[in-house]
Structures are given as C-alpha cells and as structure tokens.
Amino acid sequence: MKQVVLLFVFCFIAVQFYGQINLCPVLPSPVVYQKGNGSISIPKEIAIQQKINKSGNRISRLDLEQINLLLKSSHDISIIEVDKHPFILLQKSLNVPKDFYSINIHEHIIISYSNERALFYAFQSLIQLIQTKNDINFIDKAFLQDYPKFEWRGLHLDVSRHFFTVNEVKKYIDLMARYKFNTFHWHLTDDQGWRIEIKAFPRLTSIGAWRDSTIENHYNSSPRTYDSKRYGGFYSQEDIKQIVSYASDRHINIVPEIEMPGHSRAALAAYPEYSCTGSQNNVPGVWGVFEDIYCTKEETFTFIENILDEVLELFPGKFIHIGGDEVPKTRWKKCHECQEVITSNKLRNESELQSFFVQKIEQYLTKKNRKLIGWDEILEGGLSSESTVMSWRGTKGGIEACRQGNYVVMSPGSHCYFDHYQGKSRDEPLAIGGYTPLQKVYEFNPIPNELDVSEASYILGGQANLWTEYISSMDHLEYMTYPRAIALSQALWCSSKPNFETFFNILSNNHFSALDALNVNYSKTSLKPVIQITSEKTGIGIELQSEDENEEFETIVHSKNGKAPMKFSIQSNELLLINRTKNSRKENSYRFKSKKTGISTHLKISNHIGLGYPIQYKTRPNAQYNYSPTVLLDGQYGARPWRGHQWIGFDTSAILFEIDLQKKKRIRQIELSFLESNGSWIYLPKQITIIVSKRKRNFEFTMNQILTEKVKFDIGKRTKKISFKIENEIVIPDEKPGAGQHPWTFIDEILLN
Ligand code: ACM
Ligand code: ZN
C-alpha cells in the first residue's frame, strides 16, 4: 500500500513540475525539477550532517571522500562533517525506486537518497546546479527527484586498435560518472593488440601487445600504406586493479572483454599452438576480420580458462564479455581436430561448433559464479538461457534474444556506434564510415517497438561503442564521444526525456562550457549550421540552416586569384547566391564564422560554367548514395577518403544522365571526377562517352581504359545539351575485392570549362 501511495505522489509531482525541465541545467534530466524563487550562496566550506536512522548506517568514508573530491575539483568547495546546523542534511529515504535521490534546495539543502550510489548521483547533479559569478558560488532554489530508467548504462572503449594510458582511461571514467553511466565495457583484446597482463602467459603481452606497423588512411584506400612504426602497450595487473578501484569509487562497474574465438590474432601471434594451423602469424597492423581464430581442441579451452582465472581475480563484476563476433569458419572447416569435436559432440556444423565453444566457456564462468555476455553472434547455433546478448547488428539479435528469455543490452550500429561520423562536413576527421549525428543518438530507445511489455523486461539497457581503428588520441576520442554520450545518457536515464530542442538548449547553454573547463575536446559539430546548397537560375544558392533563425555569420571569401578577401555578414536561412562564371574555373574558399558561438564552417567552391544546372538522371543513383540533386554541379569535390556525403553512387553497370544548359554555350573542356576504393567495391568506370550536339549534329567523345580518378575531355564545341554514358563492368572480375558482385561507380563534381 505504501508503495502505491508513493507512486501516486511521484506521478502527481511529475505531472505538475515536468514542464519546468527546460529550466533544469542537469543532464541527464531528472525525473522532476521544480524551480523556486531566488538562490542561495554556497560557502567555500560546506557543513554536512548525516541524519542517522534506526539502523545506524553511516555513509562510508570512501563515499564522503568522493563527494569531497567532486566538489573540490568542480567548484573548489570542501566539506566538513558536523552534528548540527548543517548546510547540507543527508537522509536516507525508504520505499523509493532503485537508485532514487531527491534534492531540496531552500534556505539549506536536504538530500534524500536510497543508497550510496544514489547519493553519488545526487552530488553529480548538485555540482551541475552550482553556478559561479565573481568567484562566488550560488545555487537556484529548486526541488529535484530522480532515478534511472535502465540499469545498464554503458560506454565501451576499444584499447586494442589504439592504446589509451591509465590516466586517459581514468578521465574517460570521470566523464562517464558525470553523466551517470554505470558500466564501462573495456575491450581489452583484439587482433591488433592484447592489452592485459596475464602472468601465466607472458608472451600475450611481450609479443601480443605489439605490432610492427599500422595502416594509414582509411582501410578502403588503395593502395594501402603503413607507417612502419612499432606500436603497442598493455596494462599491468597493478594498473588494472587501480582502474577497477577508481571506477568502483565512482559507482562504475567494469565489464572486461576477452575476445574469442575470433579477433584473436594477437593472442595467436604469441601462442600459435592454439590456432587450427599452428602457423606463426604476426600481430596485424590492418583492420578487418581474420580467418585465423582459436581452434576448438581441448588444449585451447585450458589456455582460455587459465587466462579467465586471472581476469576474474582482477574484475569483481558479475559480467564477463567474451566477444563472439565476426567468426569466420574457414579454418574450422579444414581442421581435423575441430571436425573431430563436431563429430564426437554430434554437432551439425561449424555454427553449432561456435555455440559449443560459447557454452563451454559459459559453463566455466557459471562455475565461478559469473555471467557471460557476448555480441549477438553468440545466438547462432543456440544459446543457453543464462547468457546475455549485446545486440550490435541492429536490434534483430536483441529482439530474438528477449523472445527466447535472454537478457539483452542494446547497442545497435544505427544509434550507438560513436566511431561513425557525426556531421556531413568534410572538416570531420576520418572515421570508419556511417552517420550518427547527435539527434540520432538522442532518439535512441533501447526497447524496440516490436517487443511487448514482458519481452521488453529482458532489456537491461543500452551502450555506445567506441571502436578505435581511426581514433588514436585522447583528444580525438573525446571528440567522438562527447556530446553524443550526453545524448545517450538521456536515452538511458530519463523515464521521459524532454524533446531534442530542449535538450540541445540545456547542452549548449550549460554543458559545453563545463566540458571546456574540464579540458574535454568535445565536438562542436552540432553547433555548426547545416549547409544546404540549391540549384538557382544563375548558379547555386548557399543557405546556412541553424537552430537559431537569426544567427549571424561573418563571412570571408578568399579567392585563388590573389584579390583581397571579401568580407560580409549573412544570417541563417538567408540565401547566398554564387553566380556561375563564364569561362575560367576558379576556386573560392568560404569561411562562415558564427557571431554567437565563434565557430567556423568552411566550404570550397570551384566555380565553372555548369554551376547549379539541374541534372536529368536517366539512370537512378542508388537511394543510399544519392546525396542531393545538385551534388554533381555544386562546385564541391567529394572528400577523399570517402566521407559519404558529397558523392553520388550507382550500382548499375551503365549510367546515363544529361545536363541541359538551357542555351548554347561554348564548352572547351569537361572534367569528371570518380572515386576508386576497391575495398568497398567502388571501381573506376570502364568507358565514358560524352555527346554534345551542334546544329543538329551529334559529336561523340569516348574514352576507354580509365586509370585515374580525374578524367578530362577536350570538347571545343558550342552546345545546349550534354549527355553522359558511363559504363562499368557488369560484375567485378576475379581476384579483385568483391569478385562476382556488381561494382559501384561513385561520381562527384563535373566541371565544365
Ligand atoms: C562489433 O562491432 N564487431 C561488435
Ligand atoms: Zn581447429
């Protein structure tokens, strides 16, 4: 009964005060926020009193130290414990939701909390509420009630592809704590480096933690180049203990990941006897999925179990992540010992062998009182009901797992892969691909619509993954993680999150400056205007679209012709016209600097006769790579390596389109620009034909054997229409990446001179 009454009170408060959440600077947003009138100043030394209940429980010394540390580092405030007349009174609350806390800021502050983790969260909120003016700290009178929606609120970090030092990992954890994440998924082993000291197998780190070189540029760039620098590092067991304890002090559990049976090249470089072939391979300096994986013979299990024994000693948490993703079966198919395991265990195929592998490890972990979690591939071939599934290939695996009664952590690539691009500008640093802007993360809901209430009860929560193939420094890691992690914290914490605009206002008004003060290199991409390019009668129009309709941009145009730069000011949503030039090609660079944020956005436009003309496509580009109707004649080149947003992509072998110049113009030369990225099955065309017509006669220009990304045709004719026929192979020839599949053709600017 008590709980029913309590629930009623929460609902009442929530309905009454929810509308004020836009006034609350705290992120993730609390369940209830009611602003009072006025503010109170906060002394440099805060007197805290614990109200001791019947059970006589006191807050641990450690937690008080953590609170002291938080206040000291954020606002140079220290705490002292007193028996009466406190500035902050701490009291336990009973019969409240898990991890519940409330803060009542009136003449003094009363914090009610359900447990010490909740008390820590209360202080994380409190430090976000404190404001400072002229060196004086104060806080607005208010009342907050809060508790999390999901119990798994995770961030992952891949330290194998690139290594991050103990101090960098601690900073990552500090920021997680600030935004009330509670699970740090530490991806400690992969093909490109083994990063955890295992005393029983010293070669795992003396050999497995080091690679001789690392691939430069994008994996799909061709030709591939390498830096020839020895690269690596690992955490000693002492380092790990330190980090586990550091995280635990901040109420963050660490889930270590030891990848198996795939992504194990680093381990097998050190101990090749546990592979199927036994051959000695290096620790690779290139990304991807490798065929050499652990053999399923008995000795491998002993090896892995011995490793796990040391891992379990270091990590006290319940969950152990065993990877399980991207496991090619080629070696198993040819291995006598693996085939023997299939026969003797009456397995049907190699998928069931993978399931056998996972279940054997699970039995071992269960015996040790731990729980196995793995990527959604562990569902293949059957899974014990005790395993937990991390759904990364969309939500399908997660849905299937919930329906069969397995617990699930949702981490779909569409919303939770922070190694994807967060903006469409070519200024974005090189990333693996994809496009996951802030708003997309904000819209993440770990519970897919397909699930009913009882199925959804198996969703533990969600997590973002930071794969670091293309992230080699802490600065870059912070850039990819923040502010997207804050958007994710809303999705995982808030029972009912405010709309994106409200969130974005709170974020930009309160959190960016706080992140600056914490020396976090967060991305400002979300503060930049979206650049819309339109086809206009006399050329192109550029429109800077921003949240703030009246945002002013100071614009500077530099041209290559040596003239003094042009300066003027434009407003968001105003059209900046760029007229096409009669003949010569000239490149202008534009810098738009927001007067409000001081952030600049850059654009380069190569002007030419064709600028802004519409294109009639007779062959449709692939819908996924159909960036905009103006892209081929907007004066901008697609970014290389491919960033995805300035290119038009076709998956047909013949491509036909036409440019209508509306009246006759003399065309001296036409330059086309293609992308070659064979790793992504993108190939240069085989043949290009251009047809121009003059006095009802057609002139045809054809070129075969295209070997370069830029191709020029000398035309020297007056014409109104220009037709293009671009042909590629019907299927990719043998021996080339994607052999037997349709090649892709990617085109960007067509320059008319
Ligand atoms: C994964 O991204 N391979 C789990
Ligand atoms: Zn084998």
Side-chain angles (χ1 to χ4, degrees), residues 217-218 220-225 426 430 533 540 559-561 580-581 583-589 602-613 615 617 619 621 625 627-628 630-650 653-659 661 665-692 699-717 719 722-729 736 743-753:
N217 300 316
H218 197 274
N220 287 330
S221 302
S222 97
R224 284 185 182 156
T225 59
R426 53 190 302 154
L430 182 66
I533 298 203
I540 55 168
S559 58
K560 267 197 173 164
N561 59 12
R580 56 184 75 98
T581 47
N583 38 42
S584 72
R585 160 188 176 174
K586 67 175 190 194
E587 190 181 74
N588 289 337
S589 65
H602 301 93
L603 207 60
K604 261 191 196 151
I605 304 284
S606 298
N607 206 331
H608 57 94
I609 307 175
L611 197 71
Y613 281 112
I615 295 205
Y617 289 102
T619 311
Y625 303 106
Y627 171 59
S628 84
T630 53
V631 73
L632 292 184
L633 294 169
D634 69 354
Q636 293 183 85
Y637 281 98
R640 293 178 167 84
W642 180 66
R643 301 278 205 285
H645 305 291
Q646 293 290 344
W647 296 90
I648 288 209
F650 295 86
S653 60
I655 300 156
L656 298 165
F657 57 86
E658 198 172 88
I659 299 173
L661 300 173
K665 293 198 168 178
R666 182 175 165 77
I667 305 295
R668 186 174 53 81
Q669 191 184 57
I670 297 178
E671 183 192 291
L672 292 107
S673 179
F674 298 96
L675 182 71
E676 184 173 31
S677 181
N678 296 351
S680 307
W681 308 356
I682 301 170
Y683 284 85
L684 294 177
K686 225 177 73 175
Q687 188 178 72
I688 304 168
T689 306
I690 298 179
I691 301 168
V692 299
F699 292 88
E700 213 174 281
F701 302 82
T702 299
M703 198 181 290
N704 295 305
Q705 294 236 323
I706 288 96
L707 299 173
T708 54
E709 291 189 322
K710 286 214 166 106
V711 182
K712 287 182 184 161
F713 286 81
D714 289 320
I715 305 290
K717 300 268 184 271
T719 184
I722 311 169
S723 306
F724 294 82
K725 182 175 187 188
I726 297 168
E727 289 170 273
N728 215 322
E729 303 279 3
K736 295 201 168 167
W744 286 85
T745 311
F746 273 70
I747 316 174
D748 67 345
E749 198 63 7
I750 297 177
L751 267 166
L752 305 185
N753 284 314

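Keep in mind the model is a prediction, meaning the values are calculated, not measured. All heavy atoms count here, side chains included; hydrogens, waters and symmetry mates do not.
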Separation of [Y] [atom2] from [X] [atom1] (nearest 0.5 Å):
X      : Y      : atom1 : atom2 : value
Glu709 : Tyr637 : CD    : OH    : 12.0 Å
Ile615 : Ile659 : CD1   : CD1   : 4.5 Å
Asn728 : Ile655 : CG    : CD1   : 7.0 Å
Leu632 : Ile648 : CG    : CD1   : 4.5 Å
Ile605 : Asn588 : CD1   : CG    : 8.5 Å

Would you mind reporting whether [Y] and [X] have side-chain heavy atoms less than 4.5 Å apart?
X      : Y      : result
Val692 : Ile667 : no
Leu752 : Ile722 : yes
Leu672 : Ile690 : yes
Phe699 : Thr719 : no
Ile726 : Phe657 : yes
Lys686 : Asn704 : no
Ile670 : Phe724 : yes
Trp647 : Trp744 : no

Test of understanding: with side-chain hydrogen bond (donor to acceptor under 3.5 Å, both in side chains), list the residues that count as partners of [X], not counting sequence neighbours.
X      : result
Ser653 : none
Asn217 : none
Ser559 : Asn561
Thr619 : none

Taking all atoms of both residues into account, what is the closest heavy-atom pair of [X] and [Y], and its distance?
X      : Y      : value
Thr630 : Ile533 : OG1-O, 3.4 Å
Ser606 : Glu587 : OG-OE2, 3.7 Å
Ile706 : Met703 : CD1-O, 3.5 Å
Asp634 : Ile540 : O-CD1, 3.6 Å

Identify, with sequence neighbours excluded, every residue that meets side chain to side chain contact (heavy atoms under 4.5 Å, CB included) alongside [X].
X      : result
Thr689 : Gln687, Ile691, Glu700, Thr702, Lys725
Arg666 : Arg718
Glu658 : Gln616, Lys618, Lys721, Ser723

Test item: side-chain donor near acceptor, His608 and Glu749, under 3.5 Å
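Per modelled atom types, His608 and Glu749 side chains form a pair under 3.5 Å.
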Would you please say whether a donor-acceptor pair under 3.5 Å links the side chains of Tyr613 and Arg580?
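Yes - a donor-acceptor pair under 3.5 Å links their side chains.
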Under the rule for ring pair (Phe, Tyr, Trp, His ring centres under 6.0 Å), what residues qualify as partners of Phe713, not counting sequence neighbours?
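Once residues adjacent in sequence are excluded, Phe713 has no partner under the ring pair (Phe, Tyr, Trp, His ring centres under 6.0 Å) criterion.
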Scan the side chains in residues 673-685 for donor-acceptor partners under 3.5 Å anywhere in the protein, sequence neighbours excluded, and list what turns up.
{"residue": "Ser673", "atom": "OG", "partner": "Arg640", "partner atom": "NH2", "Å": "3.1"}
{"residue": "Ser673", "atom": "OG", "partner": "Asp748", "partner atom": "OD1", "Å": "2.8"}
{"residue": "Ser677", "atom": "OG", "partner": "Asn220", "partner atom": "O", "Å": "3.1"}
{"residue": "Ser680", "atom": "OG", "partner": "Asn220", "partner atom": "ND2", "Å": "2.5"}
{"residue": "Tyr683", "atom": "OH", "partner": "Pro737", "partner atom": "O", "Å": "2.7"}

